[in-house]
Amino acid sequence: MSTTYDLTIIGGGPVGMFAAFYAGMRNARVQLLESLPELGGQVQALYPEKLIHDVAGYPGIKGRELVAQLARQMKQFPIDVRLNAAVTDVAGQIGDFMVTTADGQTSKTKAIIIATGNGAFEPRRLAVDNAADFEGRQLFYHIPKVEQFKDQTVLVAGGGDSAIDMALLLEPVAKQVYIMHRRDQFRGMEHSVDLLKASSVIIKTPFLIKKLAETPTGQLGLTMREVRGEAEEQLAVDALVVNYGFIADNKVIRNWHVVPTLTHRLFAVDTEMKTDVPGIAAIGDTVTYPGKLGLIASGFGEAPNAVNQLMMTLYPERRSPLHSTTLFEKQGR
Ligand SMILES: Cc1cc2nc3c(=O)[nH]c(=O)nc-3n(C[C@H](O)[C@H](O)[C@H](O)COP(=O)(O)OP(=O)(O)OC[C@H]3O[C@@H](n4cnc5c(N)ncnc54)[C@H](O)[C@@H]3O)c2cc1C
């Protein structure tokens, strides 16, 4: 609560990450707040293995690698990154905004860049009545530490690349790993599916989880029902890891005390990425303007505009932006 940031960037997708780097390069005190436990937005959450061909300087780069490069670029500057930090409220005015995150923490900032894409990502939850009772104890949507599953019996539910990655990650640590998918075929890449089939992971398809209950020995009892069939199977596990993808939700933004006007759920911005609230800019997939393209490259172009105009507004006495080499040299890097 003691630091007053120059810029707070809300949303740690590729565009927010690049804006954080650029703000660091402009010598701003900057924090980056992301609702998920990892950075990278849609790229990391939805297509980490896809080859992206239209980012300048890369003839082709996997989503995961692009995010890793952005993280390396950002690390050159002392940027405060907070994960699991969905912004639930923004109040105040330019020079004196207060930002609140879902965990109740507040921070002060002079200006804000909204880079929230389609909204805060949340894992798609298991649609079983009492699922919430087991969440965080025996039911997980992320793997914070693989070691916590040491010598356990774990079932991973899901059929995409990340579910397969999770099963393969757990295999050498856990006692036994199962993977369950509602279709016969996995959606993951062929290579990952081959690795899965060659591993000790037990594959249960096509099954869905119908019920959860605690067993007398304190394990999690799963009732699995065959899809398009009547067969039911029981399995007792120590942990259930659900990987059904993500849903984006921008409802939380509409409840902020100060929120720029939304046009069809997007922020209308001018050529400097200004919204209609002084001191709040917006960039990336969350904005609209004539000719806007929902591409990473467009967002990368918008980030310096937003950072520079806000820094000029906050510090009019400072010289206007220089090229990166000069900025790095000025900071003795
Ligand atoms: C399947 C698919 C393939 C694609 N392929 C390409 C491609 O080949 N080339 C290309 O250029 N583009 C591609 N795109 C589009 C590209 O992914 C987006 O343009 C890009 O991710 C936009 O980045 P962003 O940072 O603006 O938003 P996002 O990537 O959506 O990131 C926004 C981040 O903000 C966080 N957030 C939201 N609300 C809050 C809040 N209240 N508090 C804290 N954090 C919050 C979210 O959790 C998210 O991590 C593709 C998109 C999809 C879905």
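Since we're looking at a predicted model, the values are computed, not measured. Values reported hereafter were calculated over all heavy atoms of this structure, with side chains retained and with hydrogens, waters and symmetry mates removed.
Under a 3.5 Å cut-off, the side chain of Thr100 and the backbone N or O of Thr88 do not form any donor-acceptor pair. Between the side chain of His257 and the backbone N or O of Val90, no donor-acceptor pair lies under 3.5 Å. Between the side chain of Thr286 and the main chain of Thr116, no donor-acceptor pair closer than 3.5 Å is present. Under a 3.5 Å cut-off, the side chain of Asn308 and the backbone N or O of Pro304 do form a donor-acceptor pair. Listed for the Asp6 side chain is a donor-acceptor partner under 3.5 Å among the backbone atoms of Arg29. Although no hydrogens or angles enter the test, the distance criterion places a donor-acceptor pair under 3.5 Å between the side chain of Arg137 and the main chain of Asp133.
Paired with Val30 under the rule side-chain contact (heavy atoms from CB on, under 4.5 Å), one option of Val81, Thr8, Ile9, Asp80 passes, and it is Ile9. Checked options Tyr22, Tyr58, Phe21, Phe18; the residue passing with Phe300 is Phe18 (criterion: ring pair (Phe, Tyr, Trp, His ring centres under 6.0 Å)). Checked options Glu232, Glu233, Glu230; the residue passing with Arg225 is Glu232 (criterion: salt bridge (charged side-chain N to carboxylate O under 4.0 Å, His left out)).
The existence of a salt bridge linking Glu190 and Lys197 is excluded, since no basic side-chain nitrogen approaches an acidic carboxylate oxygen closer than 4.0 Å.
No more than 12 heavy atoms of other residues, nucleotides or ligands lie within 6.0 Å of CG in Asp129, so this atom counts as exposed by the packing criterion. Atom CZ of Arg125 has more than 12 neighbouring heavy atoms from other residues, nucleotides or ligands inside a 6.0 Å radius. Atom CZ of Arg182 has 12 or fewer heavy atoms from other residues, nucleotides or ligands within 6.0 Å. More than 12 heavy atoms of other shown residues, nucleotides or ligands fall within 6.0 angstrom of atom CD in Glu317. Arg72 CZ: more than 12 foreign heavy atoms inside a 6.0 Å radius.
A donor-acceptor contact closer than 3.5 angstrom links the side chains of Arg82 and Thr101. Side-chain atoms of Gln31 and Thr109 form no donor-acceptor pair, as typed in the model, at a separation below 3.5 Å.
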May I have the list of side-chain donor-acceptor pairs in residues 33-42 shorter than 3.5 Å, sequence neighbours left out?
unit_1: Glu34; atom_1: OE1; unit_2: Gly12; atom_2: N; d: 2.7
unit_1: Glu34; atom_1: OE2; unit_2: Leu36; atom_2: N; d: 2.8
unit_1: Gln42; atom_1: NE2; unit_2: Asp285; atom_2: OD2; d: 3.0

Can you give me every donor-acceptor pair (side chain of residues 163-175, partner residue at least two apart or in another chain, under 3.5 Å) with its distance?
unit_1: Asp165; atom_1: OD2; unit_2: Arg64; atom_2: NH2; d: 3.2
unit_1: Glu171; atom_1: OE2; unit_2: Ser200; atom_2: N; d: 2.8
unit_1: Glu171; atom_1: OE2; unit_2: Ser200; atom_2: OG; d: 2.9

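For Gln105, the side-chain hydrogen bond (donor to acceptor under 3.5 Å, both in side chains) partners at least two apart in sequence or on another chain are Asp103. By the side-chain hydrogen bond (donor to acceptor under 3.5 Å, both in side chains) test, Gln219 pairs with Asp238, sequence neighbours left out. Partners of His191 by side-chain hydrogen bond (donor to acceptor under 3.5 Å, both in side chains), not counting sequence neighbours: none found. Every residue two or more places apart in sequence or in another chain that forms a side-chain contact (heavy atoms from CB on, under 4.5 Å) with Lys274 is listed here: Asp270, Glu272, Gln309.
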Walk me through whether Glu302 and Lys292 qualify under side-chain contact (heavy atoms from CB on, under 4.5 Å).
CA-CA 10 Å; Glu302 293 154 11; Lys292 165 70 189 170; 2.8 Å; yes
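With a 4.5 Å cut-off on side-chain heavy atoms, Tyr178 and Val156 do not count as touching.
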